[in-house]
Amino acid sequence: QVQLVESGGGLVQPGGSLRLSCAASGSIFSINTMAWYRQAPGKQRELVAVVNSVGITVYADAAKGRFTISGDNAKNTVYLQMNSLKPEDTAVYYCNSNIKRRSGDGDLEYWGHGTQVTVSS
């Protein structure tokens, strides 16, 4: 099986920073993409940022200029550096990945359990 385990969430004041990590483990042949999504109370889950295996990144408008996604292919890990945090960034942040478990297989999508980020004074 494959597991995605997030860490790094917590409580931070407005204007502060947090760094989220997500490590993929298990039966992995290759990872196509790793991404961060978030879901605030009463809202739909939304994409924050995604990085592919060659380092191409895409950001949601709300994340541009403040968040940076990066990946460590050797560690099967993705990071999300979040700066200048705002109260509206408060949400559960979920790691997402499209993973090939064996050569010749198609990609399967996996989700982590989420980590809470709260931005409040």
Side-chain angles (χ1 to χ4, degrees):
Q1 262 294 1
V2 173
Q3 285 188 319
L4 302 181
V5 179
E6 304 106 330
S7 61
L11 173 65
V12 63
Q13 292 187 340
S17 298
L18 280 176
R19 188 192 195 208
L20 306 182
S21 300
C22 170
S25 62
S27 179
I28 298 172
F29 176 76
S30 64
I31 296 178
N32 185 15
T33 63
M34 295 193 82
W36 290 97
Y37 285 73
R38 68 184 183 185
Q39 187 167 19
K43 294 188 176 181
Q44 289 189 332
R45 191 172 297 189
E46 62 180 6
L47 175 69
V48 177
V50 58
V51 60
N52 72 3
S53 59
V54 295
I56 295 173
T57 58
V58 175
Y59 293 91
D61 287 344
K64 289 178 182 176
R66 299 188 299 126
F67 295 0
T68 302
I69 189 170
S70 60
D72 185 332
N73 290 342
K75 297 181 178 180
N76 290 338
T77 298
V78 65
Y79 306 97
L80 185 68
Q81 178 66 43
M82 304 186 292
N83 299 326
S84 302
L85 283 161
K86 305 174 183 179
E88 50 263 45
D89 295 316
T90 295
V92 178
Y93 283 69
Y94 295 91
C95 182
N96 168 278
S97 185
N98 286 292
I99 293 172
K100 191 185 303 290
R101 294 186 62 190
R102 290 176 295 194
S103 176
D105 284 358
D107 287 355
L108 295 176
E109 185 179 40
Y110 294 91
W111 291 91
H113 292 297
T115 184
Q116 177 71 45
V117 171
T118 302
V119 185
S120 175
S121 54

Output the distance between atom [atom1] ([X]) and atom [atom2] ([Y]), rounded to the nearest 0.5 Å.
X   : Y    : atom1 : atom2 : result
I28 : N76  : CD1   : CG    : 4.5 Å
I99 : E109 : CD1   : CD    : 10.0 Å
T77 : I31  : OG1   : CD1   : 8.0 Å

Handout entry: Shared-cluster residues of I56, by chain and number - hydrophobic side chains joined below 4.5 Å
Key =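 For the cluster that includes I56, the remaining residues are V54.
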
Results of side-chain hydrogen bond (donor to acceptor under 3.5 Å, both in side chains) for [X] - residues two or more places apart only:
X   : value
T33 : N98
N32 : D107
R19 : none
S70 : none

Which atom names give the shortest non-hydrogen contact between [X] and [Y], and what distance separates them?
X    : Y    : result
A91  : Q116 : O-NE2, 3.4 Å
N73  : S53  : ND2-O, 3.3 Å
R66  : S84  : NH1-O, 3.0 Å
A60  : L47  : CB-O, 3.2 Å
S121 : P14  : N-CD, 3.7 Å
S17  : N83  : OG-OD1, 2.9 Å

Practice task
May I have all residue pairs that pass ring-ring contact (aromatic ring centres under 6.0 Å, His included) and include part of residues 65-102, sequence neighbours excluded?
Solution key: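 For residues 65-102, and leaving out neighbouring residues, there are no ring-ring contact (aromatic ring centres under 6.0 Å, His included) pairs at all.
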
Practice task
Name all pairs fulfilling the ring-ring contact (aromatic ring centres under 6.0 Å, His included) condition that reach into residues 10-56, sequence neighbours left out, sorted by first residue then second.
Solution key: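 ring-ring contact (aromatic ring centres under 6.0 Å, His included) check on residues 10-56 returns Y37-W111.
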
Exercise for the section: List in chain and number order the residues that pass salt bridge (Lys or Arg N to Asp or Glu O under 4.0 Å) with D105, two or more places apart in sequence or in another chain; answer none if no residue qualifies. Expected result: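 Counting only residues at least two positions away or on another chain, D105 forms a salt bridge (Lys or Arg N to Asp or Glu O under 4.0 Å) with R102.
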
Problem - With sequence neighbours excluded, residues passing salt bridge (Lys or Arg N to Asp or Glu O under 4.0 Å) with R101 - result: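 Listed in chain order: nothing, the list is empty.
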
Problem - Expected output: side-chain T118 to main-chain T90 donor-acceptor under 3.5 Å - result: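 No; zero donor-acceptor contacts below 3.5 Å.
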
Under 3.5 Å donor-acceptor pairs involving side-chain atoms of residues 2-13, not counting sequence neighbours:
{"from": "E6", "atom 1": "OE1", "to": "H113", "atom 2": "N", "distance (Å)": "3.2"}
{"from": "E6", "atom 1": "OE1", "to": "G114", "atom 2": "N", "distance (Å)": "3.0"}
{"from": "E6", "atom 1": "OE2", "to": "C95", "atom 2": "N", "distance (Å)": "2.8"}
{"from": "E6", "atom 1": "OE2", "to": "G114", "atom 2": "N", "distance (Å)": "3.1"}

Handout entry: Greater than 12 external heavy atoms within 6.0 Å of Q44's CD
Key =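 No.
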
Exercise for the section: Could you name each residue pair satisfying salt bridge (charged side-chain N to carboxylate O under 4.0 Å, His left out) that touches residues 39-52, not counting sequence neighbours? Expected result: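 Non-adjacent pairs meeting salt bridge (charged side-chain N to carboxylate O under 4.0 Å, His left out): R38-E46.
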
Exercise for the section: Tell me, with the steps shown, if V117 and L20 meet side-chain contact (heavy atoms from CB on, under 4.5 Å). Expected result: CA-CA 9 Å; V117 171; L20 306 182; 4.1 Å; yes

Problem - Basic-acidic side-chain contact under 4.0 Å: D89, K86 - result: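 No.
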
Exercise for the section: With sequence neighbours excluded, tell me which residues meet side-chain contact (heavy atoms from CB on, under 4.5 Å) with T68. Expected result: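 Only Y59, Q81 meet the side-chain contact (heavy atoms from CB on, under 4.5 Å) criterion with T68.
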
Exercise for the section: Check whether V119 and M82 end up in the same hydrophobic cluster, where Ile, Leu, Val, Met, Phe, Trp and Tyr are linked by side-chain heavy atoms less than 4.5 Å apart. Expected result: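 They do share one cluster, since a chain of ILVMFWY contacts under 4.5 Å joins V119 to M82.
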
